[in-house]
Number of protein chains: 2
Amino acid sequence: MSSNSASRPPKRPTLTDVARASGVSVALASIVMRGAEGASEESRAKVKQVAANLGYRPDSRARSLRSTRSRTLGLALALGEPLHAELADALYAQADAHGFEIILGATGKHRDERRVLNTLIDAGVEAVIGVFPELPAAQLTQVSKQLPVISLLRKVKGLPSIITDEAAGIKQLVEHLVARGHTRLLHLDGGSAVAARQRRDAFVAAAASAKVQAQVLVAGADETTAFQALHDYLEQTPRTQCASAVLAFNDRAALGARQAIDLAALQVPAQISLTGYDDSEFSRLAHADLTSVRQDVTALAEAAIHAALNASGKSSIHAPQLVVRGSTGERRP
Amino acid sequence: MSSNSASRPPKRPTLTDVARASGVSVALASIVMRGAEGASEESRAKVKQVAANLGYRPDSRARSLRSTRSRTLGLALALGEPLHAELADALYAQADAHGFEIILGATGKHRDERRVLNTLIDAGVEAVIGVFPELPAAQLTQVSKQLPVISLLRKVKGLPSIITDEAAGIKQLVEHLVARGHTRLLHLDGGSAVAARQRRDAFVAAAASAKVQAQVLVAGADETTAFQALHDYLEQTPRTQCASAVLAFNDRAALGARQAIDLAALQVPAQISLTGYDDSEFSRLAHADLTSVRQDVTALAEAAIHAALNASGKSSIHAPQLVVRGSTGERRP
DNA sequence: AGATTCTCCTAGAACGTTCTAGATATGGTG
DNA sequence: CACCATATCTAGAACGTTCTAGGAGAATCT
C-alpha cells in the first residue's frame with residue numbers, strides 16, 4: 001500500500017562491479033568510462049557493454065573528489081525572472097556543447113546570495129556563473145580565489161563580468177523617443193536590481209545630451225512596485241506636466257506601468273509612450289506590443305561559459321538591440 | 001590587467017589542516033565539525049576556533065561519499081514559472097528549517113527531464129523533489145528505487161505525489177461563474193503542462209453537473225499560445241455564440257487571453273469574464289485584477305519536504321482556494 | 001641478438017571525509 | 001586493590017573514483 005520508496009535502495013553499481021563483471025582491472029574500466037586512451041577496442045566494447053547492462057553511472061562526487069574535474073558548472077540566478085530563464089536556456093545549450101553539466105542555485109530576496117554560492121561550491125562545481133545583485137564585490141573576489149566566478153549582468157571589479165552595454169540600450173530608447181518628438185521623459189528605475197544604476201545613469205546622461213527633460217522615479221524590478229510608482233505619479237502630476245513617454249526598468253515593470261496607464265485612462269501610444277527592457281516573450285504580445293531592448297542572450301551565455309572554462313576569464317560587454325513595436329509613437333500634444 | 005581568477009586557486013583548507021593546526025586527530029576534528037558527541041568542551045572550542053580562522057568549509061563531496069548523508073536535496077523545476085518560483089521559495093525555507101541545502105535543476109522544453117534528474121542525483125542529493133511534466137512514470141519509479149523521488153503538482157503512480165485538488169479548484173471557479181449567470185463557458189487548456197488534463201477533465205465535469213455549456217480550446221501554459229487560441233476563437237465565433245466566461249489554464253495564459261480580449265474590444269468583466277489559476281503576483285495588479293485560484297504553496301512545500309526526508313513518503317492532496325477579484329462579474333446578455 | 005618502442009594492462013596511492021574499533025585516562029565501587 | 005564504567009581521544013579502513021608508475025608482451029630497429 002505504501003509507496004515503494006520505502007524499500008531499501010539497492011546499492012547502485014560501482015566501477016568495481018563493472019570491472020569485476022568484465023574481468024578487467026578497475027583502472028582499465030576507469031579508462032574506458034572516461035574515454036581516455038590506453039585501452040584496446042576489444043576491452044572498450046566489453047566494458048561498455050557490461051556497464052550498460054548493469055546500469056552503471058559514474059559517481060560524480062567520487063570523480064570530482066579525485067580529479068578536481070567534475071565537468072559541472074554552478075549557475076546562480078533568480079527564479080521567476082524571464083530574462084534569467086532565457087539565459088539559463090542558452091547557458092545549458094552552451095555547457096552541453098562543452099560536455100558540462102549545470103546545477104542551479106536560486107538567489108532571492110529572502111535567500112542569502114553568499115550561501116547560494118557556497119552551496120554550489122560545496123557541491124563540487126568547477127566554476128560558478130551567477131547574477132548576484134547584492135553580494136558585495138569584496139566577497140565575490142574573495143571566493144574567486146578558490147575557483148572561477150563569473151558575474152553575469154553586473155560589472156564586478158576584479159571579476160570576469162559579462163554584461164550588456166546598458167548605456168547603449170538606454171541611449172537607443174531615448175533617441176528613438178526624442179526622434180518622435182518627446183521632450184519630457186520619465187524613467188521607472190529598478191531599485192537595487194542588477195544594472196539598475198547603469199540604466200538610471202545612462203538615462204539621465206542620454207536625456208541631457210538630447211536636451212530633453214528627464215525625471216527618475218524610484219521603483220523596482222517587478223510589476224507591483226512599478227505600478228505603484230507610476231500610479232502615484234499620474235495621480236499627483238497635473239496632466240499637462242506629465243511626461244509623454246515612460247521608460248520602465250524592464251518588461252515586467254512595463255507590465256505594471258501599463259496597468260497604471262490603463263487605469264488612468266490614457267491611450268498607448270497616442271497619449272503616452274511606454275518602453276520596456278529585455279524583450280521578454282510577453283512583450284511581443286499584441287496588447288503589450290512593447291518597444292523594448294533585446295539583450296544578446298546567446299552571446300552573453302557564450303561569453304560566460306567561455307570565461308568559466310578558460311582560466312584566463314575575460315570580461316566582455318555586449319551590444320543590445322532596440323526592438324521597436326507599437327507601444328511607442330509620435331508625441332501628439 | 002587580466003582578472004585575478006588567473007592565479008592558481010590556493011587549495012582550500014581541509015580537515016587535516018584543521019586537525020594539525022589544533023593539535024588533535026582528524027577523527028576528533030571530524031567529531032567537532034559534525035557536532036557529534038565524544039569531544040570535550042575544551043577541544044570543541046579550540047577546533048572550532050581554528051576552523052574559523054582557517055576559513056574551513058567541509059567538502060560535501062567527500063562527506064556524502066563517505067556517509068551517504070549530504071544534507072542536500074535536489075529540486076527540479078521550470079524557470080520562468082511564477083508558481084514554481086513561489087514553490088522554490090517555500091521549499092528553501094522548509095529545507096532550511098531541517099538543516100538541508102537545496103540545489104536546482106531546470107527542466108524545460110529543450111532539456112531532457114531525465115537528464116536533469118540524473119545530474120542532481122550524481123551531485124549526491126539525498127532525495128529529489130520535482131515538477132516533471134513529461135517524464136514517463138515508469139522511469140520515475142525506476143529511479144525512485146535508488147533514492148526518494150517526490151513528484152510535485154503531478155500525480156505519479158507509485159511515487160509520493162504532492163498535488164493540489166484540481167477538481168476542487170476548477171469546480172469553485174465554475175460554480176462562481178455559474179452563480180453569476182454564465183451559461184456558456186470556455187476553457188483554455190494547458191496542453192501538456194502538468195495538471196492540464198486534470199483541470200480540463202474537472203472543467204468538463206463541473207460544467208456538466210452545473211448543466212451549462214462547456215467548450216475546451218487546446219492551448220498551452222504560456223501567454224502566447226493562450227493569446228493565439230482565444231484570438232482565433234473570437235474571430236471565428238459569431239459574437240452571439242461566444243462564451244461569456246473564459247477559464248484560462250493559469251495566470252500567464254490569462255494574461256495572453258486578456259490581450260486577445262482587449263484586441264477584440266470586449267470589456268472585462270462587463271462583456272466577458274476571465275479567470276486565471278495560481279494567483280501569481282501580477283494577477284493581483286489593478287488592470288489584470290484576476291479572479292484566480294490560490295494553491296497552498298506553503299502546505300505543498302511542507303508536505304514535499306516531509307515526504308523527501310522520511311523514507312515512508314506519503315502522497316497528499318491539498319485544497320486550493322478561490323480568490324475572487326474584478327475580472328469576473330454578472331453576465332449581462 | 002640486443003636495444004628500443006609501442007600497445008595494453010594493472011597495482012596501489014590518493015582525494016577529504018566518516019566510521020569502527022579500540023586505546024588511554026579518570027573515577028567510582030565492591 | 002582489583003574491577004568496571006565513563007569520557008575522551010585516535011589509528012586506520014572505507015566510500016568510488018582517478019592517477020602515477022610501472023610491467024608484460026609484441027613489434028621494430030640497429
Side-chain angles (χ1 to χ4, degrees), chain A residues 9-48 50-51 54-72 101 121-126 146-147, chain B residues 9-48 50-51 54-72 101 121-126 146-147:
Chain A
K11 266 172 62 65
R12 79 188 223 174
T14 145
L15 194 55
T16 314
D17 299 332
V18 175
R20 184 165 27 229
S22 26
V24 303
S25 71
V26 183
L28 182 54
S30 170
I31 287 174
V32 172
M33 292 319 294
R34 269 177 293 147
E37 60 180 14
S40 68
E41 281 314 317
E42 204 186 341
S43 325
R44 259 178 228 287
K46 171 153 36 158
V47 171
K48 275 184 185 157
V50 169
L54 260 48
Y56 168 76
R57 312 203 74 242
D59 184 313
S60 83
R61 315 188 309 264
R63 179 173 270 193
S64 78
L65 183 58
R66 179 58 238 247
S67 69
T68 60
R69 302 270 6 213
S70 58
R71 297 202 82 76
T72 302
E101 296 288 348
I121 294 173
D122 292 347
V125 300
E126 288 186 30
Q146 275 191 22
L147 46 57
Chain B
K11 265 170 64 63
R12 80 189 220 172
T14 148
L15 195 54
T16 313
D17 299 332
V18 174
R20 185 167 23 231
S22 26
V24 302
S25 72
V26 182
L28 182 54
S30 169
I31 286 174
V32 172
M33 293 319 293
R34 270 177 293 147
E37 60 179 14
S40 68
E41 281 314 317
E42 203 187 340
S43 323
R44 259 178 229 287
K46 170 152 38 157
V47 171
K48 275 184 185 158
V50 169
L54 260 49
Y56 168 76
R57 312 203 74 242
D59 185 314
S60 83
R61 317 188 308 264
R63 179 174 269 194
S64 78
L65 182 58
R66 179 60 238 246
S67 70
T68 61
R69 301 269 7 211
S70 58
R71 298 201 83 74
T72 302
E101 296 288 348
I121 295 173
D122 292 348
V125 300
E126 289 186 31
Q146 276 191 20
L147 47 58

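Residue numbers start from 1 in every chain, and the chains themselves are labelled A, B, ... in the order their sequence lines are given, proteins ahead of strands. Values in this document were obtained by computation on a predicted structure and should not be read as measured data.
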Rounding to a whole Å, what distance do you find between L65(B):CG and dT18(D):C1'? 13 Å
Does D122(A) have any salt bridge (Lys or Arg N to Asp or Glu O under 4.0 Å) partners at least two apart in sequence or in another chain, and if so, which? R12(B), R57(B)
Inter-end axis angle, the helix from dA1(C)-dT30(D) to dG30(C)-dC1(D), with every axis fitted to five base pairs (rounded, 10 degrees): 60°
Which residues satisfy the side-chain hydrogen bond (donor to acceptor under 3.5 Å, both in side chains) test with D17(A), sequence neighbours excluded? R20(A)
So, is R61(A) near the phosphate of dT17(C), with a side-chain N or O under 4.0 Å from OP1 or OP2? no
Got a sec, which residues hit salt bridge (Lys or Arg N to Asp or Glu O under 4.0 Å) with E41(A), two or more places apart in sequence or on another chain? R44(A)
For S30(B), check side chain to side chain contact (heavy atoms under 4.5 Å, CB included) against everything at least two apart and list the hits. L15(B), R34(B)
For dT17(C), does OP1 or OP2 lie under 4.0 Å from any side-chain N or O of R34(B)? no
The side chain to side chain contact (heavy atoms under 4.5 Å, CB included) partners of A27(A) (sequence neighbours excluded) come to S25(A)
Mark up nucleotides 6-13 of chain D, 5' to 3', with B wherever a protein heavy atom is under 4.0 angstrom from a base atom, S wherever such an atom reaches only the sugar-phosphate, and - elsewhere. --SBBB-B
Given atom CD of E37(B) and atom C1' of dT18(C), what is their separation to the nearest angstrom? 15 Å
With sequence neighbours left out, the residues meeting salt bridge (Lys or Arg N to Asp or Glu O under 4.0 Å) with R63(A) are none
Applying side chain to side chain contact (heavy atoms under 4.5 Å, CB included), can you list everything that pairs with T72(B), at least two apart in sequence or on another chain? S70(B), E101(B), I103(B), V125(B)
Any residue meeting side-chain hydrogen bond (donor to acceptor under 3.5 Å, both in side chains) with S43(A), in chain and number order, not counting sequence neighbours: S40(A)
Rounded to the nearest 0.5 Å, how far apart are NZ of K46(B) and CG of L28(B)? 9.5 Å
Is S30(A) touching bases, backbone alone, or none of the nucleic acid, heavy atoms closer than 4.0 Å? base
Any residue of residues 14-22 of chain B with a heavy atom less than 4.0 Å from an atom of DNA chain C: T14(B), L15(B)
Between S22(B) (side chain) and V24(B) (backbone), is there a donor-acceptor pair under 3.5 Å? no
